Enquirer: 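Sharing a structure here in structure tokens format.
Atoms considered below: every heavy atom in the structure, side chains included; atoms not considered: hydrogens, waters and symmetry mates. Predicted, not measured: the structure shown is a model, and the values here were computed from it.
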Amino acid sequence: MCFVFFVFFVFNLQLPNKSLLLAACAACIGGTFQYGYNISVINAPTMYVQNFMNQTWRERYQIDVSQEFLTLLWSTIVSMFTLGGFIGVTIGGTKGTLLTNNVFALVAALLMGLSYPTGLFELLIIGRLFTGINAGIAICVQPLYLGEIAPTAFRGAMGMGTSIFITGGILTGQVVGLKEILGREEYWPILLATTCIPAFLQLLILPWFPESPRYLLIDKGDTEGCKKALKQLHGIADCDAEWEDIEKEKNNLKGVKAKKPWELLADRSARWQLLTIILLNAAQQLNGINAIYFYADYIFKQAGIPNDKISYVTVGTGACECITALTCGMLIECLGRKVLITGGYTLMSICCILFTLTLSFQDASPVVPYLSMACVFAFILSFGLGPGGVTNILTTELFTQTTRPAAYMIAGSVNWFSFFFIGLVFPFIVIGLQQYCFLVFLAICSLVVIYIFLVVPETKNKTFLEIHNEFQPSSSRKASKVKSSGMSALQYRVSVSCPSTPQQVAGRNRESNHSPWGS
């Protein structure tokens, strides 16, 4: 389903080469799709898994498990996904890591599928840990790969593949969990084992595509491999500009080794970029989107929707988020990253105010529950419009080749820790503040809007080097320009003070027409 959405979306962008589209889909289907799918697929069989654990406990010890301990076991199964994600995000890697990562998904599917026949609910705990490790690696490595293979002009739109496939995975998990498909009690082991399907698809398709051209040239020094990858992914006609961009970045990074996360944390030249991605990734989990889903069932019941129909409305929220991610992808190269993410957080702030009011006056009128329901969908739309999709793109764009993998590890760790933190603390916030908990999220969203407006530059249509220089003092920018051009300081001053004549420009243009790529 999300593959169809992504294909439709990218074909409308008129990418230079359809091989690029297929490479992106191959990376996403076994990457962030798995993350979204495993977040949502666990919700449908909740009661069936708890019944299975109670039955197993009775067979082992001839006594029913207490409700408190059963809740603890279920919470452990759910939270193992977060723990695994935190472990996985620290691994990082390249396209090869994405392929190897499927081992975790396949082992997890096997363990969870065998849990019922063997009567071992412990296999569910281990299986969820492995799905978390798989998701952690995927959400770190796959956006990195997409950002590096994409042409500069389409980098934002390609990066939206991450968000589209996450939301597509959530929606697919919700649909597959319906009673008409695999949502019945006898099918729950098969439902949890379906995580193997995306893994098999990626293992079949992704090996046909190359490593990132940037990784091949800058990290490996493989000039021929980089040219071959550019030809396959971008086509011969569009290789020159990308090759020049990668060479400039390589020249600028000469003698600079890839940084480890702790080295990046100590690097003063990247402090603003690092602070930005830490704040944005924390805010992505702490902005109230999880609270909205927590309240959704209650709101739907108040609006008069029967209990047996709520799962279908929940599918509607998943479809809403998926369509919004697609819309964001279509707008991102037109409006830019800063407008979308600032607009998204601004709209979420407004929704927090309205949602607090509608929850406070829920019984005042029969219309109010429907207004609350509208707020649920409006908040989800606002989240998908900016924060849900643009955050990962900015993590790619604010760093250069030597710092980007470490930045993703740090950003991913913050994201997963915030995910765990909000899951742990949110129930207590609700008990203490009730509907006023959204005032906390209002403060977070508002502060993020102010920070983005004051600090974060627009990155649309800029190379990684240009974006990096935006954060540097003016003296450092000039030095970087000299280094990336390959000129000495004297040559640079002469070139600035003595601009080329029209005849010299024409001569260089004639020379540049002889492309190194051949026909």
Side-chain angles (χ1 to χ4, degrees), residues 30 33-91 100-139 169-170 172-179 181-203 311 416 419-420 423-424 427:
F33 179 88
Q34 287 276 42
Y35 170 79
Y37 185 76
N38 284 298
I39 282 177
S40 66
V41 79
I42 195 69
N43 294 325
T46 299
M47 293 304 300
Y48 307 143
V49 174
Q50 289 184 357
N51 290 340
F52 160 65
M53 289 191 293
N54 192 27
Q55 177 188 337
T56 304
W57 192 271
R58 190 186 306 117
E59 289 174 358
R60 288 182 188 177
Y61 306 109
Q62 288 75 51
I63 188 174
D64 285 342
V65 64
S66 68
Q67 187 59 47
E68 293 78 11
F69 192 66
L70 184 62
T71 303
L72 177 62
L73 284 174
W74 176 247
S75 300
T76 303
I77 290 172
V78 174
S79 62
M80 278 294 112
F81 181 75
T82 310
L83 177 61
F86 195 79
I87 295 168
V89 82
T90 61
I91 296 173
T100 308
N101 187 33
N102 290 297
V103 172
F104 291 110
L106 295 175
V107 172
L110 181 65
L111 292 174
M112 291 189 291
L114 290 175
S115 60
Y116 182 77
T118 58
L120 297 170
F121 60 77
E122 293 84 356
L123 295 181
L124 291 172
I125 298 173
I126 302 169
R128 285 291 289 178
L129 177 68
F130 283 155
T131 58
I133 294 172
N134 172 268
I137 294 172
I139 208 164
I170 291 171
T172 305
Q174 291 169 340
V175 171
V176 173
L178 293 174
K179 289 184 178 179
I181 305 178
L182 292 176
R184 292 201 291 271
E185 185 164 9
E186 61 269 28
Y187 293 147
W188 72 258
I190 300 172
L191 175 63
L192 296 182
T194 51
T195 189
C196 68
I197 296 173
F200 280 126
L201 286 173
Q202 186 175 74
L203 287 171
S311 59
W416 281 98
F419 188 13
F420 172 76
L424 187 69

Enquirer: Between Leu129 and Ile125, is any pair of side-chain heavy atoms under 4.5 Å apart?
Expert: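 When only atoms from C-beta onward are counted, Ile125 and Leu129 do not touch, as no gap falls below 4.5 Å.
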Enquirer: Hey, can you tell me if Phe130 and Phe104 have their rings parallel, tilted or perpendicular (30° and 60° cut-offs)?
Expert: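 Plane angle between 30° and 60°, so tilted.
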Enquirer: Count the heavy atoms belonging to other residues, nucleotides or ligands that lie under 6.0 Å from OH of Tyr116, then report whether that count exceeds 12.
Expert: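 No, not enclosed.
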Enquirer: What residues form a salt bridge (charged side-chain N to carboxylate O under 4.0 Å, His left out) with Glu68, not counting sequence neighbours?
Expert: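 Counting only residues at least two positions away or on another chain, Glu68 forms no salt bridge (charged side-chain N to carboxylate O under 4.0 Å, His left out).
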Enquirer: Between Val65 and Met53, does the side-chain contact (heavy atoms from CB on, under 4.5 Å) criterion hold? Intermediate values first, please.
Expert: CA-CA 8 Å; Val65 64; Met53 289 191 293; 6.0 Å; no
Enquirer: Parallel, tilted or perpendicular: which one describes the rings of Phe33 and Tyr37, with boundaries at 30° and 60°?
Expert: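 Ring orientation, 0 to 90° scale: parallel.
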Enquirer: Evaluate the side-chain contact (heavy atoms from CB on, under 4.5 Å) criterion for residues Leu203 and Leu106: first the C-alpha distance (whole Å), next the side-chain angles of each, then the deciding distance (0.1 Å), finally the verdict.
Expert: CA-CA 11 Å; Leu203 287 171; Leu106 295 175; 4.0 Å; yes
Enquirer: Kindly say whether the aromatic ring centers of Phe81 and Trp416 come within a distance under 6.0 Å.
Expert: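 Yes.
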Enquirer: If we only count heavy atoms from C-beta on, is the Ser115 to Trp188 side-chain gap below 4.5 Å?
Expert: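 SC-SC contact between Ser115 and Trp188 confirmed.
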Enquirer: So do Trp57 and Ile63 actually touch side chain to side chain, heavy atoms under 4.5 Å?
Expert: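 Sidechains of Trp57 and Ile63: in contact.
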Enquirer: Let me confirm one number: the CG-SG distance from Leu110 to Cys196, rounded to the nearest 0.5 Å.
Expert: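 Reported value, rounded in 0.5 Å steps: 9.5 Å.
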Enquirer: Quick one: pull up CD in Glu122 and CD1 in Ile77 and give me the separation to the nearest 0.5 Å.
Expert: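 Those atoms lie 9.0 Å apart.
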Enquirer: Answer whether the closest heavy-atom distance between the side chains of Leu192 and Leu124 falls below 4.5 Å.
Expert: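 They are in contact (side-chain heavy atoms under 4.5 Å apart), so the answer is yes.
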Enquirer: Please lay out, stage by stage, how Gln34 and Thr195 fare under the test side-chain hydrogen bond (donor to acceptor under 3.5 Å, both in side chains).
Expert: CA-CA 7 Å; Gln34 287 276 42; Thr195 189; 2.8 Å; yes
Enquirer: Answer whether the closest heavy-atom distance between the side chains of Phe420 and Phe86 falls below 4.5 Å.
Expert: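 Side chain of Phe420 against side chain of Phe86, heavy atoms only: no contact under 4.5 Å found.
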Enquirer: Roughly how far, to the nearest 0.5 Å, is CZ of Phe200 from CD1 of Ile197?
Expert: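 Answer rounded to 0.5 Å: 9.5 Å.
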Enquirer: Are any side-chain N or O atoms of Asn54 and backbone N or O atoms of Gln50, one a donor and one an acceptor, separated by less than 3.5 Å?
Expert: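 No: the side chain of Asn54 does not pair with the backbone of Gln50.
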Enquirer: Taking all non-hydrogen atoms of both residues, which atom of Ala44 and which atom of Gly177 are closest, and how far apart?
Expert: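 The pair with the smallest heavy-atom distance is CB-O, 3.5 Å.
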Enquirer: With rounding to the nearest 0.5 angstrom, report the CH2 to OG distance, Trp74 to Ser79.
Expert: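 Result: 11.0 Å between the selected atoms.
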Enquirer: Nearest 0.5 Å please: distance from the CD1 atom of Ile39 over to the CZ atom of Phe419.
Expert: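 Those atoms lie 4.5 Å apart.
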Enquirer: Who are the side chain to side chain donor-acceptor pair (under 3.5 Å) partners of Glu185, not counting sequence neighbours?
Expert: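 By the side chain to side chain donor-acceptor pair (under 3.5 Å) rule, Glu185 matches no residue at all.
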Enquirer: What distance separates Leu191 CG from Ile181 CD1, expressed to the nearest 0.5 Å?
Expert: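 Between Leu191 CG and Ile181 CD1, I get 10.0 Å after rounding to 0.5 Å.
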Enquirer: Look only at the side chain of Arg128 and the backbone of Asn38, and say whether a donor-acceptor pair between them is shorter than 3.5 Å.
Expert: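 Side chain of Arg128 to backbone of Asn38, a donor-acceptor pair under 3.5 Å: yes, one is there.
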Enquirer: Which atoms form the tightest heavy-atom contact between Gly88 and Ile137, and what is the distance?
Expert: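 What the structure gives for the nearest pair is O-CG1, 3.3 Å.
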Enquirer: Are any of the side-chain nitrogens in Lys179 or Glu186 under 4.0 Å away from the carboxylate oxygens of its partner?
Expert: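 Looking at Lys179 and Glu186, the cut-off is not met.
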Enquirer: Any donor-acceptor pair under 3.5 Å linking the side chain of Asn134 with the backbone of Asn101?
Expert: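 Yes, the answer is positive, given that a donor and an acceptor are paired below the 3.5 Å cut-off.
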Enquirer: Does anything in residues 102-114 pair up under side-chain hydrogen bond (donor to acceptor under 3.5 Å, both in side chains), and if so which pairs, sequence neighbours excluded?
Expert: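 Passing the test, one end in residues 102-114: Asn102-Gln202.
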Enquirer: Taking all non-hydrogen atoms of both residues into account, name the closest pair between Ala109 and Ala193 and its distance.
Expert: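 Distance-wise, the nearest heavy atoms are CB-O, 3.3 Å.
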